[in-house]
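Remarks on the structure that follows.
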Amino acid sequence: MQTLRVHGSMSRIELTHLTGLSRATISISIAELIECNLVYETDNRLSTKGRPATTLELVPNSAYIIGADLDNKSWTLGAFDLLGNVVKSAKIPVQTFDPEDSFRTLAEEITVFAEGLDKRPVPLLGLGVPGLVDAGHSIIRSAADLDWQHVNVAELMKKETGWPTVVVNRHRARGLTECRYGAGQQFRNMIYIGVGMGIAAGLYIDRQLLSGSLGGAGEIGHTTIEPNGPLCPCGNHGCLQMLSAGPAIEQEYRKMVRASDDDNYSGQIVDLQSLKAQDVCAAAEEGDVLAVQAVRNAASYLGIAMANLLNTFNPEAVILGGTVPNASPLFVETATKVMRQRAMRPLASDTIVATSQFKDIGGALGAANFAFDKNISLSFFA
């Protein structure tokens, strides 16, 4: 069942090759899954050298899994079937930066949300959250931007909802969605980089998320790009996210506008105090010269980091997502150009760069999938 979820529909023969199980075991397992109405045989037949083989596919809407993603003081909550289709979604605003209150706000809504579905969901919750998550995927070890330390999310949500909860960094959750259902679904090995308030990456090997020994694989936002650069909340100087993330673009644009000696300069943005990175990106697309410079500066630093990742992991593709890449073709174009200039030429020329297909719902879908990956059991469907 997990192989069909990760790799899509296939024949029994292909299942034996991918799982390493015997044909007899596959036949018994598939019969059980068909009886549970989780898998069905299609009339489409795959062309093989021997006798045509029927295709096995997951049954749409056979089961629902639930996930949520926290970003910009708002939860995106979603219910999905095992094929990644969105069954229902909701936005839940959060009025505080207190971690316990933030998760209680979500917990209060989940019961009502689940009762509104046409069938009982799998009693399991996946959460995409900011910061560094422990290897057990239950605790936020550190979210420096929010000043969160050692937040036991799984324990809190279990107490509030009664459901086991699996926690994953929100950018890595979004990357898992792109890997399986979005811009990266044709690749087996890819890297997702999310650029928003912060920066984090997800590394996907054979379509599975690489977590690392302590759960921190992909924390590129805190890699050093400029040794004498600005101080980061993590305590280091010159971290990538201090140079390329949304707040860095905002700060750079403000600084350049105020330092401009052109009395006739008229930018696209009037209110410097409340501007967002998306505003700067939009102004750059409209030709605001200082906005263009701010976006290019930030993207160039990201391009350096992308080149380092290419030389280290040699992925088939790099998918860029988050509020900044989604708002700025110039950012993506510049980062890609710098990456190709700085990475080893054979690696850079063969690596595809694309932008994410899923927006707000991607983190919730990825988190739900990740939780189900970790806890898949036929007992859920008994």
Side-chain angles (χ1 to χ4, degrees), residues 69-76 94 97 128-132 143-148 169-175 192-202 218-223 225-226 229-234 236 238-258 267-286 288 290-306 318-336 338 355-356 358-360 362-363:
D69 173 84
L70 178 62
D71 194 15
N72 292 328
K73 296 189 73 173
S74 177
W75 285 104
T76 300
V94 178
F97 280 119
V129 299
L132 179 62
D145 296 343
L146 297 176
D147 197 26
W148 289 2
N169 174 274
R170 60 192 177 192
H171 289 298
R172 292 194 258 287
R174 294 167 191 174
Y192 173 91
I193 301 175
V195 184
M197 292 296 292
I199 297 177
E219 284 296 321
I220 66 166
H222 295 289
T223 55
I225 297 295
E226 185 63 65
L231 178 66
C232 180
C234 77
N236 186 30
C239 286
L240 175 64
Q241 75 174 34
M242 297 303 295
L243 301 165
S244 288
I249 294 174
E250 297 162 11
Q251 183 175 345
E252 179 74 2
Y253 183 77
R254 290 191 188 101
K255 183 172 67 175
M256 288 192 299
V257 170
R258 287 172 176 158
Q268 302 288 326
I269 302 173
V270 176
D271 186 359
L272 293 180
Q273 190 67 28
S274 62
L275 73 85
K276 300 297 182 185
Q278 296 95 311
D279 300 325
V280 181
C281 292
E285 296 301 319
E286 293 294 325
D288 183 323
L290 295 186
V292 168
Q293 186 177 339
V295 169
R296 281 181 173 162
N297 288 348
S300 295
Y301 285 117
L302 182 68
I304 294 171
M306 290 165 64
V318 176
I319 310 300
L320 299 179
T323 53
V324 174
N326 290 340
S328 178
L330 176 64
F331 184 91
V332 175
E333 176 188 331
T334 304
T336 303
V338 172
T355 53
S356 62
F358 286 79
K359 308 306 179 188
D360 290 349

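Side-chain atoms are counted along with the backbone in the values below, which use heavy atoms only and exclude waters and symmetry mates. One is the number of the first residue; the rest follow in order along the sequence.
For the side chain to side chain donor-acceptor pair (under 3.5 Å) condition, the pairs that include at least one residue of residues 320-331, sequence neighbours left out, are N326-S356, N326-K359.
Of the possible polar contacts, none joining the N297 side chain to the A294 backbone as a donor-acceptor pair under 3.5 Å is found. Put simply, the side chain of R296 never gets that close to the backbone of T334: no donor and acceptor are under 3.5 Å apart. Side chain of Q278 to backbone of A327: no donor-acceptor contact under 3.5 angstrom is found. Panel note: side chain N169, backbone G131; a donor-acceptor pair is recorded below 3.5 Å.
Looking at every heavy atom in both residues, L302 comes nearest to V195 through CD2-CG2, 4.0 Å. In this structure, F331 and A299 approach most closely via the heavy-atom pair O-CB, 3.3 Å. The two atoms that bring F97 and W148 nearest to each other are O-NE1, 2.8 Å, heavy atoms only. Taking all atoms of both residues into account, the shortest heavy-atom contact from R258 to Q273 is NH2-OE1, 4.4 Å. Across all non-hydrogen atoms, the minimal contact from V295 to C281 is CG2-CA, 4.2 Å. Looking at every heavy atom in both residues, G198 comes nearest to H171 through O-NE2, 4.0 Å.
With sequence neighbours excluded, no residue forms a side-chain contact (heavy atoms from CB on, under 4.5 Å) with Q251. Applying the side-chain hydrogen bond (donor to acceptor under 3.5 Å, both in side chains) test to S244 and every residue at least two apart in sequence or in another chain returns nothing. Among residues two or more places apart in sequence or in another chain, the salt bridge (Lys or Arg N to Asp or Glu O under 4.0 Å) test is passed with E252 by K255. Remark: E333 engages no residue in a side-chain contact (heavy atoms from CB on, under 4.5 Å) (not counting sequence neighbours). In this structure, K73 has no salt bridge (Lys or Arg N to Asp or Glu O under 4.0 Å) partners at least two apart in sequence or on a different chain. Residues satisfying the side-chain contact (heavy atoms from CB on, under 4.5 Å) test with A248, not counting sequence neighbours, are none. D145 pairs by the salt bridge (Lys or Arg N to Asp or Glu O under 4.0 Å) definition with nothing, not counting sequence neighbours. Evaluation of the side-chain hydrogen bond (donor to acceptor under 3.5 Å, both in side chains) rule for D69 yields R174 as partners, not counting sequence neighbours. When the side-chain contact (heavy atoms from CB on, under 4.5 Å) test is applied to P329, the partners found at least two apart in sequence or on another chain are E285. Scanning for side-chain hydrogen bond (donor to acceptor under 3.5 Å, both in side chains) contacts around N236 gives T224, with sequence neighbours left out.
For the atom pair CG of L240 and OG1 of T223, the computed distance is 5.0 Å after rounding to the nearest 0.5 Å. D279 contributes atom CG, which lies 7.5 Å from atom OG of S274 (distance to the nearest 0.5 angstrom). To the nearest 0.5 angstrom, K276 atom NZ is 6.0 Å from E250 atom CD. Note: L146 CG to M197 CE = 8.0 Å, rounded to the nearest 0.5 Å. Note: W75 CH2 to L70 CG = 4.5 Å, rounded to the nearest 0.5 Å.
Considering only heavy atoms from C-beta on, L243 stays 4.5 Å or farther from S300 through its side chain. Annotation: side chain of V324 is in contact with side chain of I249 (closest heavy-atom distance under 4.5 Å). Within the 4.5 Å cutoff, no side-chain heavy atoms of I319 are placed close to those of I193.
A donor-acceptor pair shorter than 3.5 Å can be found between the side chains of D288 and Y253.
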Apply side chain to side chain contact (heavy atoms under 4.5 Å, CB included) to the pair Y192 and R172, showing each step before the final yes or no.
-> CA-CA 7 Å; Y192 173 91; R172 292 194 258 287; over 6 Å; no

List the steps and the verdict of side chain to side chain contact (heavy atoms under 4.5 Å, CB included) for V129 and R170.
-> CA-CA 5 Å; V129 299; R170 60 192 177 192; 5.8 Å; no

Take V292 and L330 through the test side chain to side chain contact (heavy atoms under 4.5 Å, CB included) and record every step on the way to the result.
-> CA-CA 8 Å; V292 168; L330 176 64; 4.0 Å; yes

